Every structure is written in C-alpha cells, then in structure tokens.
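Just so we're clear, the structure is a prediction, and the values are computed from it rather than from any experiment. Convention: sequence-line order gives letters A, B, ...; per-chain numbering from 1.
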Amino acid sequence: MWFVFIIFALFPYIPYIGRYISLGTEVILWSLFALGFNILLGYTGLPSFGHGAFFGIGAYAAGIFFLRVYKGLWIPLMMSILITGFFTALVGLLVAKKRGIYFALITIAVSQVFYFIAFRWEELTGGETGLSGIDRVNISFPNLFSIKLSTPINYYYFVLVIFILCTLFIWKIVHSPFGKVLQAIRENEIRAKYLGYNTTAYKWGAFTISGFFAGLAGGLYTLLINSAFPFVLDWTQSGNVVMMTLLGGGTVNFFGPILGAAIFIVSRDLLSTYWESWMLIYGLIFVFVILFIPSGILGLIGGKKQTILR
Amino acid sequence: MTEFLSFAVNGLVLGLIFAVVALGFTLILGVMQVINFTHGILFAFGAYFAFSLQKYVGFWWALIIAPIFVGLIGLVLERLVIHRTYGGNPLFGLLLTFGLATALEEVIRMVWGKPGYSVAAPLFAAGSVDLGFMFYSKYRLLLAALTIIIILLVWLFLEKTPYGAIIKAGASDSEMMMALGKNLPRMRTFVFAIGSILAGVAGVIAAPIWSVRPTMGTFILMPAFVIVVLGGIGSFWGSVIAGLIVGMSTSISVMFWPRISDIIPYVLMGIILLFRPRGLMGEKSVLEV
Amino acid sequence: MEKKLSKKISRRTFLKGTVAGAALLGPGVPFITRRAVAAEPLYIGVVSPASGNYADHGMMERMGMQMAADEFKEKGVLGRPVKLLVEDDETDPAVGARKARRLIEVDKVKFLLGGVSSSVAVSVGEVAQRAGVLYIATNQNSDTITGEKAHRCVFRVPPDMAMALKTLGPYIVEKVGKKWYFFTHDYEWGWSGTRWGRKVLEKYGGTDVGESKVPLNTRDFSAFLLKARAAKPDALVITVGGIDRAALIEQTYEFGIYKEMTIVHTLYDYEDVWAAGPEKNFGIHGSEWFHGIDIPAVKEFLAKYKKRWPAALIPVPTQDTANGYIGLRELLRAIVRAGKDDVTAVIKALEGHTVTDSLKNDPIYIREWDHQFIWAYYVVRSKKPSEMKDRADFFELLKWSPGKDVARTKEENPVKLEPYPS
C-alpha cells in the first residue's frame, strides 16, 4: 500500500509527464471514487450503474455552497460529503432490496433523474452552462501559516493527503466484520440471510458509504476545475467508474480500482490527443477488457490464486 | 382544447415509435438478460442506411432493406461478442454493449462523415392535413400506421407461430426455453437479430422527422430503459402500453411545463414500481434470482 | 603522508575546478538554451469539437485554421514555425477545460483557439484567464462571452446576438411583417436571441404574438409548431441551434408551416442548411458569413478552400471556416506585431487593432473594452431549388450591416475586464 502512496507522492517530479499535474490530481480523486465504489461492487457484488450521479451531487453541492453560501474550503467539501450521503441514503432505501439486473436498471434510472435535474433546474445549477468561478481558498491557520491551494501542485498534494486518509479508512472498513458480511452477501445472499444477518441493511450501508466517497470525490473535482457541469452526471460517467474498477481488477484486489483509474484516465487523455477517431479504440478497449480480462489487470497478474476479493 | 388534443396525438405517435424500439429491447433483455446499450446505435444505423439507400431505391424499399442490414449487424455482434456474456454478471453485458455502442458511433462518423443528413419522406406524405379538430402532418399519420402494422406483425409472430411462442415464453422465463430443448444459441441469435431489426426500422421511420446525426440514438435509448422497466421486462403488451404512456406523458408535459418533460417518465416509473415492483405486466422471472 | 595530502588537495582542487567551471558555464547555459528556443516551434492550442453534437462545425473551423496556418508556413512567426496542437473538446465543457489545462500544463502553450459550444467557451475561458493564457473563441455566439463572462484573456470572433438581431430585425419588420412568434432555445444563447429580437420589435412598432421555450434536446416540435400556427404570425423567429435545429427544420417542412409564415432563423449555420438539403431550405435568415458574398476577398477565400480541400464533405467554406481562419490569422499577426510571444503584449497588440483585409464587406475592429471582433452581419434569403446555380448555392444576399452600427454599446454591455496578466 505504501508503495502506491509513494508513487503518487513522487509523480510531479517525473520528467515531462510530471508536468501534467491536473491529470494526476484527477487520477487521485477518481481512484478515491472508484475505491469507495468498489465497496459496493467488488466487496458486496452490487452492480450500481448510477454512481456518476452521486459524484455529480457532490460536485454541485460544493459549487453551490461556495457560490451562494460561504466562500470557504472545508465547508463546501463537508457539504459535498453530507448532501451526497443524504441522497445516497435515500436512494439506497429504494434499491437495497434489489439485486442483479433490476438493481442495475434502477440505478441507471435514478442517475438519469439527477442528471435531468442538474440540466434543467437552471436557477440552482446553472443549467447547461453550469457553475463557474469556484476558487480554491487558502488553508490558513491564523498567525501560523497559509497554504495557497490555487496552485496546481499544492492542490495535488492536498488531494493526495485526503486520498491517503480515505484509503486507510476504506481498508479498515472492508477488513472489519462489516466488510466480511458484505463479502458473504456477495457470495450468497440467501445463506447470509439464513445466518441471521439483515442483508438489506448491510446492502444499504455499503451503498451509502460508497456514496460518501463519491460525493467527496465530486467536491474535490469541482475545486480542481473551478466549475461544475451537468455532464459529470451523464450515465457514461457511471459507466466509466465501473470500467475503471473492473479494468484494474477491483473484483479481485483492493488496489484494483486505483490501477484502473490511473490507466483509464491517462489512456483516455492520450488517445483523444493523438487520434481524432479515438472513440473507436476507447469502445473496443471496453469490449476487449470484458471479453478477455474480466478480472481486470491485477486479476490477470495474480493468476488463479486471486479469484475472490478478500 | 385543440392544443391539448394535438399534444395528445403527438404523444401517441411518439409513443408508437418508442414502443417499437422498446419491443426489441425487452425481448433481448428478457431472453438473454442483456441490457443492450447498442440499441440506440442500431436505431441510428437504420436511419443512415435509409439515407444511403434512398438515393438508389427510394423510401419504401429503403424501409424494407435498411432494417435487414441492421439485423445483420446485430447478428454479427451477437455471434462474435455479445453471446459470451450470457449467464454472467449483468454488468458485463452492459459494459460490453456500452463499449460496442461507443465504437460503433465512431464508425458511423468515419463511414458517413460528421455532417448531418436528411431523409426525405415519401412525396405523398408531405405537408399537413386538416383533420377537422386539428391540423396534423401527413407523414406522422403514415408513421402511426406503419408502427401499428409493425407492432401487429410482432404480435402475430409471438402469438401465432410456434417459434414465436417459445420466444415469448423465454422472454419472461429464459429457463423455460432451455427446458424445451430447442437450439438455444441459435434462438438467442435470432432474438437479437429481431431486436436489431426493430430498432433499425424505427430509425428509418423516425429519420424524416428527427434528421440523421451520429448521436441520434441517445434520444431513444434512455426512454427504452424506462419503458421496459415500467412495462415489465419481457412483456409484449407491457412495452406497447408503457411506450404509449411514456410518449404521451412526455408530450403532454411539454404543454404544461416543458422543463420537467424528461423526468416525467422516470417519476411515473417510480410510482408504478411502488405498487407493482415488476412493472405493469411483468412476471416473476429468472432476473430476480 | 605527503602523497595523501596531495591527493586530498587534488580532490579539493578538482572540486573547485568543477565549481568554477560550472560557474563559468552557468550564465552560458541560458544562452545555449535560448539558441535552441529560437528554432523551437510556436505552439498554438486548439480546443475544438471532433465528436459530440458539434463535430461537423468543429471540422469546418479546423479546416479554416489550417488554411491560416498554411499562410505562415514560409516565414513562420517571429522566425519560428507554427504548430497547431489540436484537442477534441467532445462538445463538453468539462472535457474542454481538461484539454485546455493539458495544453497549458504539459505542452506549455500560451495561446488557445477554437470552439463551437458557448458553454465550452465559458469553461475554457475561465481556465485561460486563471492561467494567464490568451484564448480566442472562434465560433460561439452567446452574449456572455464578451459580456458577463468576459475576461481580459479572452477574445471573441463571431458576432453576438445583439449584432444579429439589430441587423436582421429591422429588415423582417419592414419586408416580412410586424407580427412575430418566437422559438427560444431554453438556455442562455436562445434567451439572448429572443431578448434582442423583442427589443428590435418594440423599437419598430411590431407585435409579439407569442413565444415557445424549447428545452435543450427536444426532438419533437410538432406541438410548438401547431401553437405557432394558431397565433398566425408573419414571421417565426427562431433561435434554436445544434441537433435540435436539425429536427426543427425537418418538422417545419413536414408540417408545411413554411408555406403559411416566413421562417426566420436568427443565426443560420451553413452546416445545418447543408444537412437539410435544397428541398428543406426556406425563409429569410441571419447569417454571419457565407461563401456567396460578392467581394474579391471571399471569392479568393473560396478558391483557396477548394484548392486546399478538394475532397471536403462540404464543398464550400462555412462561417465556421471563415471564423477559424480569421481567428488564427489575426492571432499570429498580433504575435508578430507584439514582437514576442508574451501574452500581455499580444493582448495589447489585438486590442483596438483594425483588420483591413477582412473576409466581409467591412474591416474588423477588435474592440478593446469587451474584446469583441466588430464586423458585419448579413441577411440572406433561402433560394428555391430551381434558383440554385450549383449544389451549394443555398442563399441570396439581401442586406448587410456594418459591425459598428449594430454592436452593443457600453450602456448595453457594462463589462469590466480584469487587469493584464503579469
């Protein structure tokens, strides 16, 4: 684990690619999103196709709070987490009883509703144009010091620190008794029920917790780009986070989502720069991964030993 | 009042197009448990083939030939890639078709180019007609007639042919199909091809009024989801009725409050699911295990 | 003992020597690198749609930019070759902003260009302003880009809706009729079109007989068309764009509405007319530019385009091509005038400059207080298929207004730009 942190910490110093700091920040926050999402997908086995909406709610919560209520740093971020958590909890009530295809279909539908709200409720969200002018305020301890977050590199380390803390936290969650029950549900929900566990409540819990992290990632993203747009709530974003998680091997390894996020974001950026018809390759990569490396890259490397996420 | 009537009639016509698309979608979902994201792009292919064919054979032949080409594409996709995801985690089918749809959209741009195109409706159907209580476009009346015929044909197939009966059974309970001992893979390919043809034919019919663009499929894909869930997965009448409901509600809500017209189908879906968790006409199925 | 000492001394001497050598070399290093820089290409970042709803427009504007870049091939700019780094904004503001940041952070560009969607322009403009990078918006018509969201680092080439309606409006009132019905695309650009339309209508004593707000991503216009017909206007004044406009054109034809009232598109993009085809071309419209304008500069540009892009899908340049060409050409000329690739210097070289060899009937004035390119706007009539001399001859020019007569005044646009980037 520390290996991963060290690589991220050293990234800005790698020649040439280290210049692209904002991409690095994006990789980190999407890794955060994917790790939280994997609690639901990899550990509990629930295929949510609507998590892009929660990312988006977090993004807008931070933006709206910054512009309309308080121009700070911590408060808008807290709002991202809390407001998203609230909505995820609500939606979780709707879906906790479902499984499989129905679960997926309903999460798609719910995320579409949020997308349309963001797109159409212009007074609140700025509609198609979105919100802009969201600055990164300095972290200041009066009389002690002040860190300017508006520079890309300072913000990169800020996000990295948050990421490290969250990763440790998620590690704790999935290795706790709670996490074990989630895995039991993934393996065989009916048996878990017979063992006396209220599986619906556990599923709801997993859903809500993943929502908190999605919201946090969304808030951090808004601060990164200083704006919020409805396109982040598009269902393709939900597809992207599922893809990242799977690609890296989230179904077999805790770190899969991080690897997946890094590969996905970097290659999408590179692809679209060098080829105008990049979407063709992008789509084919999806096909390739699903057909040939469904356990993701870490699953491929780990071989037969690593078939189940523990 | 005439205003309301015109919105309602519009909604019906829109609903009929949606119903045709949803029928294909629900068969694929019911029989193979695949959430077919390529449905939108197959719709677009229908329109593009119609555009290319029209110059040589005119509208009516294009209406017949284009969907066949789309069916072929669907067949190839299914045989080559999609069938490998059957029986697994529904995510895989979804992601696979999502990837295919993305790639295929780019293929359309590469083959036909980035500019948009126009498909001409048959000449006799141009312009408006006075229906007495309102004016309406002749083409849309033609469209309504065509879609009703198509829906009828599908119904006849499912109800009156033995092959169709098996598929109909399989749509709500695919284990049943296996128990009947028929050649399952071939049947599934067939269902996918049928679904593709339905999407393609809807694309041809809709092209003269919506114009032909690479991104045109996104407009019917999401409603297809809603219709299928609202109507009940695998149910013929569910798709038809839900299609009409979604079409009407979208159209009428434009009259009162255009901004919420996109969300209304979802709200309706949510309400109906509260009372009938499997959709209006859905039955307990393999999907819930 | 002696040997060891000598060794030590020699090591110290060696170190001293190295330090001294580095010190001597030190000031020389920038000299060496500066030499290398002189031959280094001048990178211009282009953020333009290659996918998404405006892919066709993006293609046309990039072709125009390439034509401008070709003109500087021999001499270069400040002795350096010009290289365009093109990124796809996917008609998505978040992607556009990310690409802009990539160009700035990784490729270290100081100049950005391009775009068709107004919301993408707003987000790229914000990135540019924060980074102190110059951005020229080439094909966006929303008022805000040189209005509320105007920035010191952002310039805009095409006209805004005020210029469009102040040119088009009086003509319609006079020659078509005083009763107007509005179709407003329900977002910022649409509102600005209808807003200016109403102002002109009121000024000339016309009547507003109604409005339909068309949400984005509308495919079905039948209800709106029927409502408009019931109001019996003389002109249907439409400010609807993108893929929605394509469906609207089809349905205007489908319902035969164009026979009962004059269809007026306040800003009619040639790409949309081309897609619809000769049968579905009707009405009187506002146009930024089209290849049939009868001046030598346009004829020359048309010939250049045909020579450069003989296999182009659209056989003539569109307004996006012209804007892309002018945008890049004037940027490069400004860099030459400034004498260095410093952003503040180039901004100052652009502000207040007049371009005499414009592609329109009047010269371009690059206004210093809102960074709007002030040049003409046109009123055109859709030709019937029988009147078309070739397959691209869709329009007949009716009238044009010089930019300075129709641009927003300071009262209408109280904009304040930030200080120059340091």
Sort out for me which of F231(A), Y221(A), F119(A) touches chain C most, counting heavy-atom pairs under 4.5 Å.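 Among F231(A), Y221(A), F119(A), the one with the most close pairs to chain C is F231(A).
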Are more than 12 heavy atoms, taken from residues, nucleotides or ligands other than K108(C), located less than 6.0 Å from that residue's NZ atom?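 Yes, enclosed.
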Does atom CH2 of W275(A) have more than 12 heavy-atom neighbours from other groups under 6.0 Å away?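 More than 12 heavy atoms, drawn from other residues, nucleotides or ligands, come within 6.0 Å of this atom.
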Part of [X] within contact of chain A (heavy atom distance under 4.5 Å):
X      : answer
R98(C) : both
T91(C) : backbone
V86(C) : backbone

Assess the side chains of T146(C) and Q372(C): does a donor N or O sit below 3.5 Å from an acceptor N or O?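 Yes - a donor-acceptor pair under 3.5 Å links their side chains.
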Looking at [options], which has the largest count of heavy-atom pairs under 4.5 Å with chain A?
options                          : answer
Q129(C), E90(C), K149(C)         : E90(C)
A55(C), A97(C), S142(C), S123(C) : S123(C)
A94(C), S119(C), P93(C)          : P93(C)

Between D272(C) and R245(C), is there a salt bridge with N-O shorter than 4.0 Å?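 Yes, R245(C) and D272(C) are salt-bridged.
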Chain C heavy atoms under 4.5 Å from D269(A): which part of the residue, side chain, backbone, both or neither?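 Interface part for D269(A): both.
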I134(A) portion near chain C, given a 4.5 angstrom heavy-atom threshold: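 Interface part for I134(A): backbone (N, CA, C, O).
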Indicate the atoms forming the closest heavy-atom contact of R152(C) with P421(C), along with that distance.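 Closest approach of R152(C) to P421(C): CG-CD, 4.2 Å.
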If I compare all heavy atoms of A247(C) with all of F221(C), which pair ends up nearest, and what's the gap?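 It is CB-CE1, 3.9 Å.
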Roughly how far, to the nearest 0.5 Å, is OG1 of T218(C) from CG of D186(C)?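 D186(C) atom CG to T218(C) atom OG1 measures 8.5 Å (nearest 0.5 Å).
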